[in-house]
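Taking it in order: structure first as structure tokens, then the write-up.
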Amino acid sequence: QLGLVESGGDLVQAGGSLRLSCAASGSIFSINVMGWYRQAPGKQRELVASITSGDSTHYADSVKGRFTISRDNAKNTVYLRMSSLKPEDTAVYYCSANVYSRVYGTRDYWGQGTQVTVSS
């Protein structure tokens with residue numbers, strides 16, 4: 001079995017910071033792209049940031065300069081450092097990972113989501 005577990009969501013005031021973590025565990029041979037998505041009430045899920053195994057990163061325009069994605073390959077963990085948070089960043093944040101497993105092949109996996117609420 002293979003899973004992703006997120007942590008770090010919280011209630012924070014506008015202008016504050018948070019760091020989200022997502023750890024993958026299970027029968028993992030390698031992890032390709034890891035990413036963070038978010039879904040606000042009544043809106044579609046959107047990509048926030050992604051990072052490849054070679055540490056190439058991509059950010060949504062709305063978070064550039066405020067959010068930083070990073071990963072620790074030894075721990076199969078991806079992080080999202082969020083700064084200068086705005087009320088419009090309020091959403092459930094989901095971690096995703098494209099994982100190769102000798103048992104399951106290559107598949108996309110999702111975490112259960114962690115709530116980030118930014119008060120004005």
Side-chain angles (χ1 to χ4, degrees):
Q1 196 69 315
L2 193 151
L4 303 178
V5 178
E6 299 130 333
S7 61
D10 206 345
L11 169 64
V12 64
Q13 288 189 332
S17 299
L18 281 176
R19 190 180 82 154
L20 305 182
S21 300
C22 172
S25 63
S27 179
I28 298 168
F29 183 81
S30 64
I31 301 179
N32 303 312
V33 179
M34 303 186 82
W36 288 95
Y37 290 72
R38 67 186 181 187
Q39 187 166 20
K43 294 187 177 181
Q44 289 189 330
R45 189 174 297 189
E46 62 174 353
L47 174 66
V48 176
S50 63
I51 184 168
T52 69
S53 57
D55 287 337
S56 293
T57 58
H58 170 80
Y59 295 93
D61 287 343
S62 59
V63 306
K64 282 181 181 177
R66 300 188 298 121
F67 291 11
T68 302
I69 190 170
S70 61
R71 61 191 283 173
D72 184 333
N73 292 325
K75 296 181 180 180
N76 291 329
T77 299
V78 64
Y79 305 96
L80 185 69
R81 176 68 178 174
M82 305 184 292
S83 302
S84 302
L85 282 162
K86 304 175 181 180
E88 50 264 43
D89 294 318
T90 295
V92 178
Y93 283 70
Y94 297 91
C95 167
S96 75
N98 182 259
V99 179
Y100 173 68
S101 162
R102 288 194 170 117
V103 176
Y104 303 109
T106 301
R107 291 176 53 182
D108 290 329
Y109 293 86
W110 291 86
Q112 79 286 356
T114 186
Q115 177 71 47
V116 172
T117 302
V118 184
S119 63
S120 57

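These values consider heavy atoms only, across backbone and side chains, with no hydrogens, waters or symmetry-generated copies.
Between Phe67 and Tyr93, the ring planes are tilted. Angles from 30° to 60° get that label.
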Worked verdict on Ile69 versus Val78 for side chain to side chain contact (heavy atoms under 4.5 Å, CB included): CA-CA 7 Å; Ile69 190 170; Val78 64; 3.8 Å; yes
Full working for side chain to side chain contact (heavy atoms under 4.5 Å, CB included) between Asp89 and Arg66: CA-CA 11 Å; Asp89 294 318; Arg66 300 188 298 121; 2.8 Å; yes
Side chain to side chain contact (heavy atoms under 4.5 Å, CB included) between Val99 and Phe29, intermediate numbers included: CA-CA 8 Å; Val99 179; Phe29 183 81; over 6 Å; no
Stepwise side chain to side chain contact (heavy atoms under 4.5 Å, CB included) check, Asp72 with Tyr79: CA-CA 8 Å; Asp72 184 333; Tyr79 305 96; 4.1 Å; yes
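Across Thr77, Val33, Asp55, Thr57, a single residue satisfies side chain to side chain contact (heavy atoms under 4.5 Å, CB included) together with Arg71, and that is Asp55. Test Glu88, Glu46, Glu6 against Arg38 for salt bridge (charged side-chain N to carboxylate O under 4.0 Å, His left out) and you get one pass: Glu46.
Between atom OG of residue Ser120 and atom CD of residue Gln13 there is a gap of 9.5 Å, rounded to the nearest 0.5 Å. With values rounded to the nearest 0.5 angstrom, Ser25 atom OG is found 14.5 Å from Lys75 atom NZ. Atoms SG and OH, on Cys95 and Tyr37 in that order, are 10.5 Å from each other to the nearest 0.5 Å. In this structure, Leu4 CG and Ile31 CD1 are separated by 7.5 Å, a value rounded to the nearest 0.5 Å. Rounded to the nearest 0.5 Å, atoms OG (Ser119) and CG (Leu85) are 10.0 Å apart. In this structure, CG on Asn32 lies 10.5 Å from CE on Met34, to the nearest 0.5 angstrom.
Here the closest non-hydrogen pair linking Ser17 and Ser84 is OG-N, 4.4 Å. Of all the heavy atoms in Ala49 and Leu80, the pair that sits closest is CB-CD1, 4.2 Å.
Placement of Ile28 and Trp110 in two distinct hydrophobic clusters is found when ILVMFWY residues are connected by side-chain heavy-atom separations under 4.5 Å, directly or transitively. In this structure, Tyr59 is a member of the same hydrophobic cluster as Met82, with clusters built from ILVMFWY side-chain heavy atoms closer than 4.5 Å. Side-chain heavy atoms closer than 4.5 Å link hydrophobic residues (I, L, V, M, F, W, Y) into clusters, and following such links, possibly through other members, connects Trp36 to Val116. Under the 4.5 Å side-chain contact rule for hydrophobic residues, Tyr94 and Leu18 do not share a cluster.
Looking at Tyr109 and Arg107, their side chains come closer than 4.5 Å, going by heavy atoms from C-beta outward. The shortest distance between side-chain heavy atoms of Leu2 and Val103 does not fall below 4.5 Å. Side-chain contact between Gln115 and Leu11 is absent, with no heavy atoms from C-beta onward closer than 4.5 Å.
One N or O on the side chain of Thr90 and one on the backbone of Val118 form a donor-acceptor pair closer than 3.5 Å. Remark: the backbone N or O of Ser101 is not paired with any side-chain donor or acceptor of Ser27 at under 3.5 angstrom.
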